[in-house]
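Ligands are counted one by one from 1 in listed order, and the atoms in each one are counted from 1 as well. All values reported here derive from a predicted model rather than from experimental measurement.
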Amino acid sequence: MEIGIDKIGFYAPDLYMDMRELAVARGIEPDKFTIGIGQEKMAIAPITQDTVTLAANAALNLLDEKDKEAIDLVIFGTETGIDQSKSAAVYVHELLGLDPVARSFEIKQACYGATAGIQMAKGHVALNPDSKVLVLASDIAKYGLNSPGESTQGAGAVALVISANPKIMVLENNSAYLTSDIMDFWRPTYSDMAFVDGKFSNEQYILFFETVWKQYKAKSGLGFKDFEALCFHVPYTKMGLKALKPVLEEEGTTEDQKRMLENYQKSIQYNKIVGNIYTGSLYLSLLSLLEQKEELKEGSRIGLFSYGSGAVGEFFTGIMQPGYQTQLNTIQNTDRLSSRRKISVEEYESIFKQELPVDGSTIELDIEKDSAAICLAGMSENKRQYINKRTYGSN
Ligand code: CAA
């Protein structure tokens, strides 16, 4: 049975920060952010968007009634969850009106969470061929104002439907993976902000790619010539390139190098203007390739490198399906990204400092300013209240 990605949706909040303006405010040469790091814009989540709403908005327009009937598993990958006990998947399950006969849970391993979810979804569909699985990847990346990681923040979510006979991409079985206990990036339960050893994290990302690529080649007997494109986890758009280039220069023909580098550029168009969305970043890069490259030939192979600090890495592959374009919402996605509102550094800093109550008190949030259908409307007695403006229902 062939199993893989049947649908893919995306949501980023409607506010962004221009990286050049942020650089000037921090006394940094703007080219460092736009060329050295490779980021042009950074999505900023208003207080009315959290990890749950971003994911629900990503999935909202994706699912039809048949999907809703068939989905019996919701897996939510995140490293910026909103509750240490209840999973974000349960909130999204309700907000989307999914069938109650379903398993829903959250999964965590830094930016690797959604990949773990996809591999688990494959196993579930193999055992239950009529089932569909909703895999959500949603995060708000925060390192802190004026911190070295500030230029690599972002916010957004990707939603994927995994099923048998998928219409976008069949996932192959030759995955290569690796676990190593390292401290390159972590966030203790008492901290809203991530801690990071930036240079070490870059080195480990590169090392993990080299290692799983080698392992994959030994397992599969395949190499660059067998690939149309490689998509990477993209904390910032220069990162994937730093890992790809040395290996490509050593092993790839001139033709391989040209094809891989051209397609890498297509695969980072969305990441460049959204920023790091942690566990969704690899899938945002895949979506960028699918929507920004004119055509990927039927049967062509795409490689995916997933990296979650701490650390787990995986290289896996998929085969493009005929007519995959009919499953995409390119115009809607590009329109929404280009109609976002630019905010000033002052507004960004003020949003960054906003906090929800932690003492059980009640707050009502102004959801009129947020164009998203699903918003966080407030909090009371330590419970978040969500609203879907389309149905005026809340939970
Ligand atoms: N014009 C052009 N380029 C310039 C420049 C200028 N004026 N000034 C500097 N640069 C270049 C530098 O030469 C450098 O390029 P290379 O990397 O190719 O050498 C690049 O800009 C970045 O400069 P620095 O290394 O000096 O930047 P930094 O010390 O500010 O740190 C960072 C960069 C380590 C990525 C930091 O932003 C950070 O810690 N980010 C968070 C961690 C992260 O994203 N790690 C990635 C791997 S871990 C992961 O992937 C998991 C995850 O999602 C977190």
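For Tyr307, no nitrogen or oxygen atom sits less than 3.5 Å from a nitrogen or oxygen atom of ligand 1, counting backbone and side chain alike. At least one N or O atom of His233 sits closer than 3.5 Å to an N or O atom of ligand 1. Between Tyr236 and ligand 1, no pair of N/O atoms sits closer than 3.5 Å. Between Thr152 and ligand 1, an N or O atom pair is found at a separation short of 3.5 Å. Backbone and side-chain nitrogen or oxygen atoms of Lys242 are examined, and one is located within less than 3.5 angstrom of a nitrogen or oxygen of ligand 1.
Of the protein's heavy atoms, Ser201 OG, 2.9 Å lies nearest to atom 45 (N) of ligand 1. When hydrogens are left out, the protein atom nearest atom 44 (O) of ligand 1 is Pro235 CB, 3.5 Å; that is the closest non-hydrogen contact. Ranking protein heavy atoms by distance to atom 31 (O) of ligand 1, first place goes to Lys199 NZ, 4.0 Å. Nearest protein heavy-atom neighbour of atom 12 (C) of ligand 1: Gly36 CA, 4.9 Å. Nearest protein heavy-atom neighbour of atom 39 (O) of ligand 1: Gly198 CA, 3.4 Å. The closest protein non-hydrogen atom to atom 33 (C) of ligand 1 is Ile37 CD1, 3.8 Å. Counting only heavy atoms of the protein, atom 46 (C) of ligand 1 lies nearest to Asn202 OD1, 3.4 Å.
The protein reaches atom 42 (C) of ligand 1 closely, with a heavy atom under 4.0 angstrom from it. There is a protein heavy atom less than 4.0 angstrom from atom 51 (C) of ligand 1. Protein heavy atoms come within 4.0 Å of atom 2 (C) of ligand 1. Protein heavy atoms come within 4.0 Å of atom 18 (O) of ligand 1.
Taking both residues in full, the closest heavy atoms of Ile277 and Gly154 are given as CG2-C, 4.4 Å, listed atom of the first, atom of the second, then distance.
Close contacts of ligand 1 with Phe185, meaning ligand atoms under 4.0 Å from a residue heavy atom, involve 54 (C). For ligand 1, the atoms sitting less than 4.0 Å from at least one non-hydrogen atom of Ser309 are 48 (S), 49 (C), 51 (C), numbered in the order shown with element in parentheses. Per-residue contacts place Glu29 under 4.0 angstrom from the following atoms of ligand 1 (heavy atoms of the residue considered): 7 (N). Below 4.0 Å from some heavy atom of Tyr143 lie the following atoms of ligand 1, by number and element: 41 (C), 42 (C), 54 (C). Which parts of ligand 1 touch Gly149 is read off a 4.0 Å heavy-atom cut-off, strictly below it: atoms 37 (O), 38 (C), 40 (N).
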Next item on the list: Step by step, work out the salt bridge (Lys or Arg N to Asp or Glu O under 4.0 Å) result for Glu262 and Lys258.
Entry: CA-CA 6 Å; Glu262 272 175 18; Lys258 186 169 174 285; 3.3 Å; yes
Margin query: Please evaluate residues Glu172 and Arg301 with respect to the criterion salt bridge (Lys or Arg N to Asp or Glu O under 4.0 Å), reporting the C-alpha separation (whole Å), side-chain torsions for both, the decisive distance (0.1 Å), and the verdict.
Written below: CA-CA 9 Å; Glu172 297 185 292; Arg301 178 175 286 106; 2.8 Å; yes
Checklist line | Worked verdict on Lys132 versus Asp72 for salt bridge (Lys or Arg N to Asp or Glu O under 4.0 Å) | finding: CA-CA 7 Å; Lys132 292 186 180 183; Asp72 62 358; over 6 Å; no
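Aromatic rings of Phe208 and Trp213 (six-membered ring for Trp) have centroids beyond the 6.0 Å cut-off, not under it. Here Phe315 and Tyr216 bring their ring centres to under 6.0 angstrom of each other. Less than 6.0 angstrom separates the ring centroid of Phe209 from the ring centroid of Phe232. Side-chain rings of Tyr278 and Tyr112 stay apart, their centers remaining 6.0 Å or farther from each other.
Thr34 and Glu40 form no side-chain donor-acceptor contact under 3.5 Å, judged by distance and modelled atom types alone. Under 3.5 Å, the side chains of Lys242 and Asn202 contain no donor-acceptor pair of N or O atoms.
Geometrically, Lys86 engages Tyr91 in a cation-pi contact defined by less than 6.0 Å to the ring centre and at most 45° from the axis.
Residue contacts with ligand 1 for Val196 involve side-chain atoms from C-beta outward but no N, CA, C or O (heavy atoms, distance under 4.0 Å). Both the backbone and the side chain of Lys32 come within 4.0 Å of ligand 1, judged by heavy-atom distances. Contacts of Pro148 with ligand 1, taken as heavy-atom pairs under 4.0 Å, involve the backbone alone.
Note: Phe195 and Trp186 have parallel aromatic rings, judged against thresholds of 30 and 60 degrees for the angle between ring planes.
Exactly one residue among Lys342, Arg26, Lys41 makes a salt bridge (Lys or Arg N to Asp or Glu O under 4.0 Å) with Glu21. That residue is Lys342. With respect to Glu251, the salt bridge (Lys or Arg N to Asp or Glu O under 4.0 Å) criterion is satisfied by exactly one of Lys214, Lys217, Lys245: Lys217. Screening Asn329, Asp335, Leu328, Thr330 for a side-chain contact (heavy atoms from CB on, under 4.5 Å) involving Gln332 leaves a single residue, Asn329.
Heavy atoms of Lys238 come nearer than 4.0 angstrom to ligand 1 in at least one pair.
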